[in-house]
There are 2 protein chains.
Amino acid sequence: MNHMVKHSAHLDAVFHALSDPTRRAMLGQLAERECTIGELATPFSMSFAGASKHVRVLERAGLLSRKIRGRIHQCRLQAERLAEAQEWMKRYERFWNVKLDALESLLREEDKQKEKKAKE
Amino acid sequence: MNHMVKHSAHLDAVFHALSDPTRRAMLGQLAERECTIGELATPFSMSFAGASKHVRVLERAGLLSRKIRGRIHQCRLQAERLAEAQEWMKRYERFWNVKLDALESLLREEDKQKEKKAKE
DNA sequence: AGAATGTTTAACCATATGGTTCAATATAAC
DNA sequence: GTTATATTGAACCATATGGTTAAACATTCT
C-alpha cells in the first residue's frame with residue numbers, strides 16, 4: 001500500500017466520467033484500438049463538438065490521452081485511474097463476496113495473506 | 001457470465017453516486033456500521049436535508065437500503081451494485097495489469113496461480 | 001493560394017446538481 | 001397534549017452538465 005496516493009480528487013473525476021453511457025462506450029471503443037475524435041463521435045450520431053466535450057471529460061479524468069498528429073487527435077485509453085477506482089472499490093468487496101457474517105473474519109484473514117503473497 | 005444483466009442503466013446511477021466525495025465517505029461510514037441519516041449528516045457539517053438528498057442518491061443507485069424504524073431511518077450498505085460496477089471495470093484490467101505486451105500471458109498465468117493460492 | 005478535413009471554441013439552452021433555509025410530517029418522550 | 005427529535009419536502013440559488021449550432025483554427029490536399 002506504499003504506492004497509494006491521495007485518490008479522492010481523482011476519484012471524483014473518474015467516477016463522474018464513468019457515469020455517462022456515451023463516455024463508457026467511448027472507453028469500450030478505445031479498449032479495442034486507438035481512435036480519433038471523429039471515430040469516437042460517429043457511432044453516437046453526435047456532433048463533433050459534443051464528442052470533443054466528452055473526450056475532454058475523459059482526458060481530465062486521466063482515462064484518455066491524446067497524441068496530436070497534424071489535424072488529427074489520436075486518443076488512447078489510459079487505464080491507471082481505472083485501477084485506482086477499482087482499488088477504492090476493493091474495500092467493499094467483502095460485502096458482496098461474503099454471504100455469511102460468520103465467515104467474515106476468516107475471509108479477512110485470507111485477504112491479508114493474499115496481500116502478503118502479492119508483495120513477495 | 002450467465003448471471004450478468006443489463007448493467008448500463010445501473011452503472012449510470014452507481015458511478016454518478018460514487019462521483020461525490022461526501023457520498024463516498026458516507027459509504028465508508030456504512031461499511032463500518034448501519035447509520036441513521038443524522039449520523040451520516042453530522043461528520044460533514046451539512047444540513048439534514050442535504051444529507052437526506054445524498055442518501056436518496058445512494059438509495060436510487062441501489063448502494064444503500066433503509067429500514068424505517070419509527071422516526072429513525074436506519075441505512076445499510078448494499079454492495080451488489082458496486083460488484084456490478086467492478087465487474088464492468090474488469091474489462092479494462094489488462095490495460096493496467098500488463099505493462100509490456102510481451103509479458104501479458106506470463107502475468108496472467110501468475111494471476112491464476114495467485115487465485116489458486118488464495119483458495120487453498 | 002484555395003478548398004476540404006479534423007477539431008476546438010464560443011454562445012446558447014434545458015435540465016441536473018449540491019447546497020441552503022424554512023415549513024411540514026411523523027414519531028417519541030414528558 | 002405539548003414538546004422535542006428525526007427526517008422529508010418545497011422553494012430557491014449558483015454552478016455544472018450534456019447537448020446543439022455556427023464560427024474559428026489548423027492542417028492537408030490539389
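Below, chain A is the first sequence line, B the second, and so on; all start at residue 1.
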query: Listed by chain and number, what are the side-chain hydrogen bond (donor to acceptor under 3.5 Å, both in side chains) partners of B:Ser65, not counting sequence neighbours?
result: B:Gln78
message: Could you report the tightest heavy-atom contact between B:Leu27 and A:Tyr92, atom names first, then the distance?
response: C-OH, 3.5 Å
message: Restricting to side chain to side chain contact (heavy atoms under 4.5 Å, CB included), what partner residues turn up for A:Glu59, sequence neighbours left out?
response: A:Arg56, A:Leu64, A:Arg66
Partners meeting salt bridge (charged side-chain N to carboxylate O under 4.0 Å, His left out) with A:Arg76 (sequence neighbours left out): A:Glu34
message: Just to verify, what does A:Arg71 make a salt bridge (charged side-chain N to carboxylate O under 4.0 Å, His left out) with, not counting sequence neighbours?
response: none
field: Whole angstrom value for the distance that separates P of C:dT7 from CG of A:Leu64
entry: 12 Å
field: By salt bridge (charged side-chain N to carboxylate O under 4.0 Å, His left out) - contacts of A:Arg69 (at least two apart)
entry: none
- line: Readout for nucleotides 14-22 of chain C: B = base within 4.0 Å of protein heavy atom, S = sugar-phosphate only, - = neither; 5' to 3' it is ---SSBBB-
message: In this structure, how many angstroms lie between the P atom of D:dA26 and the CD1 atom of A:Ile37, rounded?
response: 17 Å
Counterpart residues, side chain to side chain contact (heavy atoms under 4.5 Å, CB included), relative to B:Gln86 (two or more places apart): A:Gln86, A:Met89, A:Lys90, A:Glu93, A:Trp96
task: List in numerical order all residues of residues 67-75 of chain B for which some heavy atom is under 4.0 Å away from an atom belonging to DNA chain D.
output: B:Arg71, B:Ile72, B:His73
- request: Could you list the residues that satisfy side chain to side chain contact (heavy atoms under 4.5 Å, CB included) with B:Phe44, not counting sequence neighbours?
  value: B:Thr22, B:Ala25, B:Met26, B:Met46
